[in-house]
There are 2 protein chains.
Amino acid sequence: MPESEWVPPSVLIAVDLMVLTLRGPHLYLLLIERGIEPMRGQHALPGGFLNHDREELLTAARRELREETSIDLDSVHLELLGVYSKPDRDPRGRVVSMAYLAIVPRLGDPQAGTDAAGARWHRVSAVLDGSLQLAFDHLDIVTDGVERARQMLETTTLATTFCSPQFSLSDLQEVYEAVWGGPVDTRNFYRKLRRSEGFVVPAGPVRQGAAGRPARLYRAGPGTSLYPPMVRDSLIHSRSEE
Amino acid sequence: MPESEWVPPSVLIAVDLMVLTLRGPHLYLLLIERGIEPMRGQHALPGGFLNHDREELLTAARRELREETSIDLDSVHLELLGVYSKPDRDPRGRVVSMAYLAIVPRLGDPQAGTDAAGARWHRVSAVLDGSLQLAFDHLDIVTDGVERARQMLETTTLATTFCSPQFSLSDLQEVYEAVWGGPVDTRNFYRKLRRSEGFVVPAGPVRQGAAGRPARLYRAGPGTSLYPPMVRDSLIHSRSEE
DNA sequence: GCAATAGTGTCTGTAAGACAATATGTT
DNA sequence: AACATATTGTCTTACAGACACTATTGC
């Protein structure tokens with residue numbers, strides 16, 4: 001430890017975003033195709049460096065997303081997912097990245113921006129099963145993000161964030177099934193919703209222009225936490241060891 | 001956005017540690033008295049900057065703790081608590097700090113190190129109620145850390161980390177009461193432990209040299225997660241709104 | 001025997017898990 | 001009438017919440 005001349009090393013701070021949404025019955029995430037080196041042409045999470053040394057991390061995250069994908073998350077909650085900091089994770093030097101998780105309702109297609117040759121929705125399953133490879137350590141981030149989303153659906157009312165302002169209970173059930181990756185019993189699910197104060201509140205009387213019996217519509221309620229939590233039906237909690 | 005000449009701003013990376021332990025029936029945390037500017041003389045969490053630009057964050061955290069308090073956490077789990085990054089949080093410039101939570105068994109007193117005029121255990125309650133003020137935004141970190149510890153006691157077998165290798169069930173109950181800040185019903189607590197596979201396993205037959213009936217001793221079991229979770233007795237889950 | 005701490009059993013209410021039939025629209 | 005989707009009820013089981021007494025040691 002040098003005494004007088006040592007200065008802390010300088011490190012680059014990055015923000016990366018994992019933006020999740022639902023398309024049909026499947027979970028999708030937003031990826032760009034990198035337009036600049038390194039890893040040009042590879043798929044990656046949207047993100048980038050701080051602009052200046054007084055920029056807030058959340059501001060930078062929203063700015064990068066806007067620049068790269070033309071998506072505006074100003075009113076969307078960003079949740080800190082983790083810090084990714086392995087010394088060799090980026091060839092440009094030491095880069096410490098804060099990953100944020102965002103969840104958005106069903107949206108239109110994003111548009112490619114300055115630093116991205118392309119920005120598109122991809123199926124999460126394609127990333128997780130390795131058929132779509134990501135740059136850097138972004139697979140780690142995606143893995144963590146999916147697990148986080150699953151947990152949050154258990155204990156918070158986050159699921160409504162996947163839905164349009166007005167939604168039916170089937171829509172909401174579909175969210176759970178997509179994120180959890182398995183079927184949910186409708187009757188138990190409805191009962192749970194009825195007993196969960198503040199999860200959903202009835203909205204405009206009814207109806208959908210589709211086939212079958214029209215569905216009652218709801219809006220997201222004022223509640224944020226779910227107690228008791230929503231439980232994944234026959235989930236394997238057996239492993240009490242790691 | 002300048003095109004060719006712009007370089008990302010350089011930022012200092014810090015690590016801070018919140019080390020929790022139990023002393024008697026109370027929750028304590030480790031604080032140093034700052035030996036250097038800024039905020040010399042004030043109480044703060046142990047921590048510091050990365051040493052060089054290839055140092056792992058966890059390595060840096062353990063190194064700083066060793067330097068400042070002579071406590072060795074090599075075998076202790078460090079849990080990322082959060083990222084603290086407000087632009088004005090440190091007068092030396094832009095400092096982004098990763099806070100880690102560590103939990104240690106009842107220990108002896110730490111010793112002051114190079115950068116710390118003193119390192120001592122302080123009651124968490126004194127920090128939370130404002131009677132002990134901390135430097136920087138370390139109060140935020142402590143607040144988050146306590147809440148995190150409370151949650152982790154609900155869903156993981158973390159509580160055993162507060163105990164010596166061999167402990168009685170009363171010892172464990174005392175951990176819950178200290179962290180949760182209220183009484184726990186002994187009978188329900190014992191029942192819960194019996195039904196939780198892998199939480200604790202019986203150790204050396206028995207006994208304690210103290211008064212009263214000798215206690216059976218246990219060791220931490222192989223389990224890490226608790227399902228169903230341990231619930232704080234009459235906790236206010238009523239607020240389903242924020 | 002008294003003090004001190006360790007350990008246990010029962011009743012009740014809430015909610016999860018499993019399971020199938022009915023209601024209300026459209027074509 | 002046939003189809004498609006929405007909605008609801010019962011029985012059983014697991015577990016939390018409340019609550020008080022017995023057991024084992026040292027003195």
Side-chain angles (χ1 to χ4, degrees), chain A residues 24-25 153-155 163 166-177 180 182-200 202-218 225-238 240, chain B residues 24-25 153-155 163 166-177 180 182-197 199-218 225-238 240:
Chain A
L153 255 58
E154 295 183 36
T155 55
C163 300
Q166 309 244 321
F167 54 87
S168 70
L169 297 189
S170 319
D171 293 340
L172 199 56
Q173 181 178 353
E174 199 181 16
V175 172
Y176 276 90
E177 293 180 327
W180 283 353
V184 170
D185 183 273
T186 308
R187 294 161 289 188
N188 294 340
F189 184 72
Y190 276 53
R191 176 182 61 197
K192 183 69 186 173
L193 287 179
R194 259 183 267 118
R195 292 193 187 173
S196 297
E197 194 72 32
F199 195 164
V200 298
V206 273
R207 182 161 313 240
Q208 240 174 341
R213 173 175 173 178
R216 285 196 272 236
L217 294 179
Y218 296 83
S225 70
L226 232 46
Y227 187 84
M230 181 87 64
V231 186
R232 299 183 239 184
D233 261 25
S234 37
L235 188 55
I236 322 101
H237 284 111
S238 47
S240 52
Chain B
L153 254 58
E154 295 182 36
T155 55
C163 300
Q166 309 243 321
F167 53 88
S168 70
L169 298 190
S170 320
D171 293 340
L172 199 56
Q173 181 178 351
E174 199 179 19
V175 171
Y176 276 90
E177 294 180 326
W180 283 353
V184 170
D185 183 273
T186 308
R187 292 159 291 186
N188 295 339
F189 184 72
Y190 276 52
R191 176 182 62 196
K192 183 69 184 172
L193 287 179
R194 258 183 269 120
R195 292 192 188 173
S196 297
E197 194 72 32
F199 195 164
V200 299
V201 297
V206 274
R207 182 160 312 241
Q208 243 173 340
R213 173 174 171 178
R216 285 196 272 237
L217 294 180
Y218 296 83
S225 69
L226 233 47
Y227 187 84
M230 182 87 66
V231 188
R232 299 184 240 185
D233 262 24
S234 36
L235 188 53
I236 321 102
H237 284 111
S238 46
S240 52

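Letters go in sequence order (proteins before strands), and every chain restarts at 1. Computed from heavy atoms alone, side chains included, the values below leave out hydrogens, waters and symmetry copies.
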Filtered N/O pairs between nucleotides 13-15 of chain C and protein, under 3.5 Å:
none

Sorted by position of nearest nucleotide on DNA chain C, 5' first, the leading residue of P229(A) and T186(A) is P229(A)

From [options], pick the nucleotide closest to the side chain of [X]?
X: V231(B); options: dT7(D), dA6(C), dG17(D); answer: dG17(D)
X: N188(A); options: dA4(C), dT8(C), dG17(C); answer: dG17(C)
X: Y190(A); options: dG7(C), dC19(D), dT8(D); answer: dT8(D)

Integer-rounded Å distance: [N] [atom2] and [X] [atom1]:
X: Y176(A); N: dA16(C); atom1: OH; atom2: P; answer: 12 Å
X: R216(A); N: dG25(C); atom1: CZ; atom2: P; answer: 11 Å
X: L226(B); N: dC15(D); atom1: CG; atom2: P; answer: 12 Å
X: F189(A); N: dA20(C); atom1: CZ; atom2: C1'; answer: 20 Å
X: L193(A); N: dA16(C); atom1: CG; atom2: C1'; answer: 14 Å
X: R194(A); N: dA16(C); atom1: CZ; atom2: P; answer: 12 Å
X: L217(A); N: dT5(D); atom1: CG; atom2: P; answer: 16 Å
X: D171(B); N: dT5(C); atom1: CG; atom2: C1'; answer: 12 Å

Would you please name every residue forming a salt bridge (Lys or Arg N to Asp or Glu O under 4.0 Å) with R194(A), sequence neighbours left out?
-> none

Sorted by chain and residue number, the salt bridge (Lys or Arg N to Asp or Glu O under 4.0 Å) partners of R187(B) (sequence neighbours excluded) come out as D185(B)

Show me the protein contacts with nucleotides 21-23 of chain C, counting only N or O atoms at under 3.5 Å.
| from | atom 1 | to | atom 2 | distance (Å) |
| --- | --- | --- | --- | --- |
| dA23(C) | N3 | R213(A) | NH1 | 3.2 |

Closest heavy-atom pair, C163(B) versus V175(B), reported as atoms and distance to 0.1 Å, is SG-CG2, 3.8 Å

Between L153(A) and L226(A), the two heavy atoms sitting closest are O-CD2, 4.1 Å

Under the side chain to side chain donor-acceptor pair (under 3.5 Å) test, residues paired with [X] that sit two or more places apart:
X: Q173(B); value: E177(B), T186(B)
X: S170(A); value: none
X: R191(B); value: N188(B)

Dot-bracket for DNA chain D, 5' to 3', with Watson-Crick and G-U pairs under 3.5 Å, [ ] for crossing pairs and | for other-strand pairs: what is it?
-> |||||||||||||||||||||||||||

Under 4.0 Å: is that the gap between some side-chain N or O of S170(B) and OP1 or OP2 of dT5(C)?
-> no

Out of curiosity, F199(B) CZ to L172(B) CG, how far, rounded to the nearest 0.5 Å?
-> 5.0 Å

How do R187(A) and G212(A) order along DNA chain D: which one's closest nucleotide is nearer the 5' end?
-> G212(A)

F167(B) meets the ring-ring contact (aromatic ring centres under 6.0 Å, His included) criterion, sequence neighbours left out, with none

Residues passing the ring-ring contact (aromatic ring centres under 6.0 Å, His included) test with F189(B), sequence neighbours excluded, are Y176(B)

Across all chains, not counting sequence neighbours, the side chain to side chain contact (heavy atoms under 4.5 Å, CB included) partners of P229(B) are T155(B), Y227(B)

